[in-house]
2 protein chains.
Amino acid sequence: MATIYEVSKLAGVSLATVSRVLNNNTPVKEETRLKVLAAMEELGYQPNSVAQSLASNRSNSIGILVPELNGPFFGTLLSDIENSFRQAGKHVIIAAGHSDEKLEKESISFLQSRNCDALILHVEAVTDEYLVELMEKKVKFVLINRFVPQLYDRCITLNNQHGGYLATRHMLEHGHQNIGYISGPIWKHDAEQRYKGHLRALTEFGIPHSEQLFYEGDYHEESGALGTKALLQKASEITAIVCANDEMAAGALTAARELGRSLPDGLSIIGFDNVNFSHYTFPKLTTINYPMGEMGKMAAQLILKRVYQQNNSSIQTVFEPHLIERDSVSRP
Amino acid sequence: MATIYEVSKLAGVSLATVSRVLNNNTPVKEETRLKVLAAMEELGYQPNSVAQSLASNRSNSIGILVPELNGPFFGTLLSDIENSFRQAGKHVIIAAGHSDEKLEKESISFLQSRNCDALILHVEAVTDEYLVELMEKKVKFVLINRFVPQLYDRCITLNNQHGGYLATRHMLEHGHQNIGYISGPIWKHDAEQRYKGHLRALTEFGIPHSEQLFYEGDYHEESGALGTKALLQKASEITAIVCANDEMAAGALTAARELGRSLPDGLSIIGFDNVNFSHYTFPKLTTINYPMGEMGKMAAQLILKRVYQQNNSSIQTVFEPHLIERDSVSRP
DNA sequence: TTGTAAGCGTTATCAC
DNA sequence: GTGATAACGCTTACAA
């Protein structure tokens, strides 16, 4: 591989000049510019990004930490992030935290040890304090799907409460009065918010809320099935179930069928997230869209702007979900 | 951030010695070793991986190129690859090629410009010749899901023919005699092999093959629906359809239902790949497992062994698929 | 077993 | 505008 030194010799200029045309940050006479460019071409010169990083103290790499790499959720996030950065000549290093505090911390150190210029964190297990400390240590990062007050200007979040509201309102507008709710782990911020939105819709329609109609699941398919069975047993008058995510909704679909309910006539079900499999269910799942891709893109923009001073588009930190109507909801 | 130099001063030894305990490749007296370790601890020293790369001419990074980052397929691949490398202290840089020749080539140069020590390539559009050239340029890489004779010892592949055979045999064993086949683009190697397996099973059971029963799709859901309608119209005696992947099988399920066939009694359907959504369909899809994760792990092992001389486990290059029985196949 | 010193391929600060 | 030259933080002969 040719080096900058060989280029400088061939072009008959100094090292520094070659570096200048490479980075075109300092004016260079057009004539010499062309000479250098020609020399580069001739040698098939490719700058060594490692040496650049060492000298400039920038790696042009961004670390991404997500809970899982598989699963229906993070593909589009990664995809859009990678895309944005690649166009800017940066690259992305990935790691998975598996929603485990120790692993999340390890992954963060790992990414830091890789000299990432910035991190995009989708973390669940680590505490707010830890993240604040990270900020105080001058680590550059953006948070996805989590809001920490002290870090307000680097949090990209979804309006989960509004999503929960939309889901339940959709049921109410279809004339449902007895609506079960299968929640995510209620200690999780998004689960709590989605549930709040549900309650708000209920209140708005003057429907009283009952403990009978609530089941706390764990966001996994199995708990959606369990929840459905539990709810329908406690309160067989239920005609609709709102699930706090699509996985649980899929479980609910299966369970409802096992209990002999026809779908959607015998039981309407709505999900949340609009993950990639949600239109493969039967009936195709009505759900709330989570704009993961856009949020990933925005996280990238934010870093491009704040860390690299590139890009001047405006930054949006909270995103609005919307309803995706498919076939799993009907009138009771 | 503390440097190796500060550590050496604090420990009262030379730069070189610190480097030695860091890499423990050269014997160091236990006593000094401990002094150095203590100094590192005290300073919270973290080696600068960029400087290490420049000096050692190794970046400890591996580039991964897949067609898509989203989609149901590549998550588990990435997940298992990342895992294997992280345990070995390496990291992974990702890129997407979108099955486009130009993009695939660009992505490969991009990854090379990042000084990756090796690449894992899941490419579709680039030619065999291009890959052979790449090898001749001494680029280190492993191919996933593709076999190129000259590159035989760096190809990790699935026995697609056997998979196709298993799928069709499963139908035959259930007593089906009129079996439709929805293929992937037949110019693709895996599509061709899967189809060959189908024919072999037919022959083995003494069932003649008919053009009427073949439909060439494009591996997408829509074409599975189209294919099902076309086949059932041409040959309504069909009682089973073998699809060359799960997406098309999902389309087939929907189309069959629209045509008023009950599932699986009125029509049995089998898929291929066992992607993440295949058990969310209704009925749950019977399919052929594609061990993406294991193949990713193996690709990582191969690189660890050949590029880093780490790991001495044996290398397996061809993987066998197996049947996953769920609910979409019954007797006719 | 340890130290010295020459790189690795850039960028960036000076002068000129 | 351009050219020397000192970093950047580490690895690795070669000596001792």
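These numbers were taken from a predicted model, which means no experiment stands behind them. Letters A, B, ... are given to chains in the order of the sequence lines, protein chains preceding strands, and every chain is numbered from 1.
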Outer limits of DNA chain C sitting under 4.0 Å from a non-hydrogen atom of chain A, read 5' to 3', are C:dG9 to C:dT13
4.5 Å side-chain heavy-atom contact, A:P47 and A:L22
yes
Covered region of DNA chain D, 5' end to 3' end, by chain A [heavy atoms, under 4.0 Å]
D:dG1 to D:dG9
Distance-only check: which donor-acceptor pairs under 3.5 Å involve side-chain atoms of residues 24-45 of chain B, not counting sequence neighbours?
| unit_1 | atom_1 | unit_2 | atom_2 | d |
| --- | --- | --- | --- | --- |
| B:E30 | OE1 | B:R33 | NE | 3.3 |
| B:T32 | OG1 | B:K29 | O | 2.8 |

Is the number of heavy atoms from other residues, nucleotides or ligands under 6.0 Å of A:K188 NZ greater than 12?
yes
Tell me whether the count of non-hydrogen atoms from other residues, nucleotides or ligands lying under 6.0 Å of NZ in A:K305 goes above 12.
yes
Counterpart residues, side chain to side chain contact (heavy atoms under 4.5 Å, CB included), relative to A:D100 (two or more places apart):
A:K102, A:L103
Taking five pairs at each terminus, the helix from C:dT1-D:dA16 to C:dC16-D:dG1 shows an axis bend, to 10°, of 30°
Name every residue in residues 32-41 of chain B that has at least one heavy atom under 4.0 Å from any atom of DNA chain D, in order of residue number, or write none if there are no such residues.
none
For residues 116-147 of chain B, pull every pair meeting ring-ring contact (aromatic ring centres under 6.0 Å, His included), keeping only residues two or more places apart or in separate chains.
B:F74-B:H122
Ordered by number, residues from residues 9-31 of chain A within less than 4.0 Å of DNA chain C (heavy atoms) are A:A16, A:S19, A:R20, A:N23
Between B:T127 and B:E101, what is the shortest heavy-atom contact and its length?
CG2-OE2, 4.3 Å
Run the side chain to side chain contact (heavy atoms under 4.5 Å, CB included) check on A:H91 and A:R86 step by step: do they pass?
CA-CA 6 Å; A:H91 71 263; A:R86 177 107 80 93; over 6 Å; no
Applying side chain to side chain donor-acceptor pair (under 3.5 Å) to A:E124 and A:S99, what does each step give before you reach the verdict?
CA-CA 6 Å; A:E124 308 189 313; A:S99 305; 2.6 Å; yes
Report yes if the side chains of B:N48 and B:Q52 come closer than 4.5 Å at any heavy-atom pair, otherwise no.
no
Salt bridge A:D128-A:R146, side-chain N to carboxylate O under 4.0 Å:
yes
Per the under-4.0 Å heavy-atom filter, residues of residues 52-59 of chain A near DNA chain D come out as A:L54, A:A55
For residues 43-51 of chain B, which residues have at least one heavy atom under 4.0 Å from DNA chain C?
none
Minimum side-chain heavy-atom gap A:I108-A:L121 below 4.5 Å:
yes
CE of B:M295 to NZ of B:K297, rounded to nearest 0.5 Å, is 13.0 Å
Give, for atom OG of B:S79 and atom CE of B:M292, the distance between the pair rounded to the nearest 0.5 Å.
13.0 Å
Please list, chain by chain and in numerical order, all residues satisfying ring-ring contact (aromatic ring centres under 6.0 Å, His included) with A:F73, sequence neighbours excluded.
A:Y290
What residues form a side chain to side chain donor-acceptor pair (under 3.5 Å) with A:H98, not counting sequence neighbours?
A:E68
Rounded to the nearest 0.5 Å, what separates atom CG in B:D117 from atom CG in B:N115?
8.5 Å
Look up atom CD1 in A:I93 and atom CG in A:L65, then write down how far apart they are to the nearest 0.5 Å.
12.5 Å
Run B:I120 and B:I144 through side chain to side chain contact (heavy atoms under 4.5 Å, CB included) and show every step you take.
CA-CA 7 Å; B:I120 295 180; B:I144 280 212; 4.0 Å; yes
For a side chain to side chain contact (heavy atoms under 4.5 Å, CB included) check, start with the C-alpha distance between A:L143 and A:L151, then their side-chain angles and the critical distance, and finish with the verdict.
CA-CA 8 Å; A:L143 242 35; A:L151 273 29; 4.0 Å; yes
